[in-house]
Amino acid sequence: MTAAQKKKGRILTGHRPTGPRHIGHLVGTLEQWAKMQDDYECFFLIADLHVLTTDHEHPKRIQTNIADVMIDWLAAGLDPQRATFVRQSALIEHSLLCNLFGMLTTVSRLERVPTYKDQIQQLNLNPSLGLLTYPVLQSADILIYKANIVPVGEDQLPHIELTREIARRFNSLYGKTFPEPEGLLTKTARLPGTDNRTMHNSYGNTIKLGDSEAQTTKLVMSMYTDPTRLRATDPGTVEGNPVFEYLDAFDTDKAEVEDFKVRYREGKVGDVEVKKRLAEVLNQYLAPLRERRTELVKKPDEVLRVLNEGTESARPLVEATAKEVLEKMGLR
Ligand code: TRP
């Protein structure tokens with residue numbers, strides 16, 4: 001299908017390359033993105049500049065992380081035949097637009113962005129200018145493609161709201177230039193980590209797409225369950241129990257899941273039995289992805305070529321938008 005036939009519009013979304021992708025990324029985002037590739041013109045962004053907003057002291061791992069994310073993306077079904085992969089730092093126009101949009105954005109507006117407030121509180125850091133302008137760079141990422149739809153997690157919605165404000169402000173000052181992009185939330189509930197906290201690589205509570213079957217089984221067997229249940233004969237709680245949240249997400253045999261739930265509540269099935277089944281289900285679910293992944297790992301050059309060629313094919317588009325913006329703002 002050619003770009004022109006993809007009638008539903010243009011998507012721009014992306015990840016910061018912070019390390020290998022996990023099953024939370026898969027069910028929350030990657031599966032949704034993969035499905036949209038036929039109906040939308042899709043740009044998938046490796047937001048490497050954004051990594052530096054928190055990690056500029058650790059430059060060593062960035063290139064490896066980019067390769068890891070690309071491998072996991074492709075294994076999850078993102079497809080260079082149907083979508084364009086872009087490396088943010090290689091298209092300097094992203095940074096140029098960030099700079100220009102900065103002229104339309106007040107510092108006080110950026111200081112009210114929830115991700116910014118949370119991060120300086122959590123990390124207890126003295127925020128850099130780069131961290132403050134994080135969402136302006138994200139707005140540039142989106143608007144430079146004139147994207148209509150931005151599939152993201154809920155935490156990102158304030159950034160989409162800022163993007164819409166910048167688009168409106170730009171359009172009203174300089175004439176209609178940008179569509180006001182819509183954020184698109186995933187329908188699936190967010191999976192908890194194996195310890196029932198938020199899933200995050202830095203907590204060591206994730207199942208990574210690249211983990212082996214044995215590693216996956218081990219992680220599942222040590223998963224947090226109902227902590228008040230001491231014996232298999234005690235009645236257990238299913239709600240908010242990650243083992244059952246995972247079963248709901250991955251076991252296609254809904255009758256089996258129901259049966260487990262009934263027996264769990266009645267104290268008629270042990271945690272070990274449920275977990276063993278979950279490990280099987282999860283490994284089955286991930287098997288095709290992991291097969292593709294094993295092949296991709298053997299061809300790192302080809303994987304990077306996908307990213308570099310995608311980036312080059314996007315270059316004329318971002319250059320055209322940058323030129324238009326420079327002209328409209330009186331710099332050309
Ligand atoms: N901020 C996004 C995240 O952490 C990553 C990102 C950067 C992004 N630029 C983007 C997402 C543009 C969507 C659109 O997940």
Side-chain angles (χ1 to χ4, degrees), residues 9-22 24-30 32-33 36 40-55 62 65-66 68-70 72-73 76 78 83-99 101-102 110 113-119 122-123 130-167 178-186 190 198-202 206 307 310-311 314 317-318 321:
R10 186 176 286 171
I11 282 179
L12 178 292
T13 188
H15 280 167
R16 278 177 306 139
T18 50
R21 302 295 88 181
H22 53 61
H25 294 124
L26 179 69
V27 298
T29 60
L30 298 176
Q32 185 200 33
W33 298 2
M36 300 178 94
Y40 297 84
E41 192 189 352
C42 292
F43 291 88
F44 297 125
L45 180 77
I46 297 282
D48 53 356
L49 285 171
H50 274 122
V51 172
L52 299 184
T53 58
T54 50
D55 266 336
I62 299 179
N65 285 345
I66 290 174
D68 284 347
V69 170
M70 280 301 295
D72 286 341
W73 276 8
L78 304 191
T84 307
F85 297 80
V86 180
R87 189 198 292 254
Q88 186 186 38
S89 69
L91 297 173
I92 201 66
E93 288 78 7
H94 284 250
S95 302
L96 174 63
L97 245 63
C98 173
N99 186 340
F101 289 163
L110 294 178
V113 172
T115 46
Y116 176 77
K117 288 199 295 193
D118 289 354
Q119 220 158 12
Q122 268 179 29
L123 305 179
L131 188 67
L132 182 69
T133 58
Y134 183 118
V136 185
L137 179 58
Q138 186 163 349
S139 302
D141 296 339
I142 297 165
L143 296 179
I144 204 163
Y145 295 90
K146 302 191 177 181
N148 317 96
I149 310 276
V150 189
V152 282
E154 200 165 3
D155 61 318
Q156 296 293 308
L157 284 183
H159 297 174
I160 310 302
E161 192 45 47
L162 178 76
T163 307
R164 293 167 61 84
E165 285 173 30
I166 291 176
F178 297 112
E180 273 180 50
E182 310 266 353
L184 185 75
L185 285 182
T186 46
R190 211 191 241 224
T198 308
M199 200 188 300
H200 206 289
N201 280 339
S202 69
T206 64
L307 180 59
T311 304
L317 172 61
V318 302
T321 309

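Atoms within a ligand are numbered from 1 in the order they appear, just like the ligands themselves. Since the structure is predicted, the reported quantities are computational estimates derived from the model, not experimental observations. One is the number of the first residue; the rest follow in order along the sequence.
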Any sub-3.5 Å donor-acceptor pair from T311's side-chain atoms to R87's backbone N or O?
-> yes
Evaluate [X] for polar contact with ligand 1, using N/O atom pairs at a separation under 3.5 Å.
{"X": "Y134", "value": "yes"}
{"X": "Q138", "value": "yes"}
{"X": "T13", "value": "no"}

Gap separating the OG1 atom of T163 from the CZ atom of F101, nearest 0.5 angstrom = 9.0 Å
Under 4.0 Å from a heavy atom of [X]: which atoms of ligand 1 are those, numbered in the order shown and with their elements?
{"X": "V150", "value": "13 (C), 14 (C)"}
{"X": "L45", "value": "9 (N)"}
{"X": "I142", "value": "12 (C), 14 (C)"}
{"X": "D141", "value": "7 (C), 9 (N), 10 (C), 12 (C)"}
{"X": "R16", "value": "4 (O)"}
{"X": "H50", "value": "7 (C), 9 (N)"}
{"X": "V152", "value": "13 (C)"}
{"X": "A47", "value": "7 (C)"}

Once the angle between the rings of Y145 and H94 is folded into 0 to 90°, is it parallel (under 30°), tilted (30 to 60°) or perpendicular (over 60°)?
->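 Answer is tilted, since the angle falls between 30° and 60°.
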Heavy-atom nearest neighbour in the protein, as seen from atom 5 (C) of ligand 1, with distance rounded to 0.1 Å =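 Its nearest protein heavy-atom neighbour is G14 O, 3.7 Å.
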Shortest protein heavy-atom distance from atom 14 (C) of ligand 1, along with the residue and atom involved | L12 CD1, 3.5 Å
Should the heavy atoms of other residues, nucleotides or ligands under 6.0 Å from CD of E154 be counted, would the total exceed 12?
->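 Check fails, neighbour count at 12 or below.
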So, H159 versus Y116: side-chain donor-acceptor pair below 3.5 Å or not?
->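 Per modelled atom types, H159 and Y116 side chains form no pair under 3.5 Å.
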Pair T198-H200, side-chain donor/acceptor within less than 3.5 Å |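 Checked: T198/H200 side chains show no N/O donor-acceptor pair below 3.5 Å.
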When Y134 is tested against each of Q119, R16, H50 for side-chain hydrogen bond (donor to acceptor under 3.5 Å, both in side chains), which residue passes?
->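 That would be R16; it is the only one of Q119, R16, H50 passing the side-chain hydrogen bond (donor to acceptor under 3.5 Å, both in side chains) with Y134.
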Please tell me if the side chains of H25 and T206 come closer than 4.5 Å, counting only heavy atoms from C-beta onward.
-> no
Taking the side chain as C-beta and beyond, is there a heavy-atom pair between T13 and F44 under 4.5 Å?
-> yes
Considering only heavy atoms, which of Q156, Q88, H94 lies nearest to atom 15 (O) of ligand 1?
->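 Residue with the shortest heavy-atom distance to the ligand atom: Q156.
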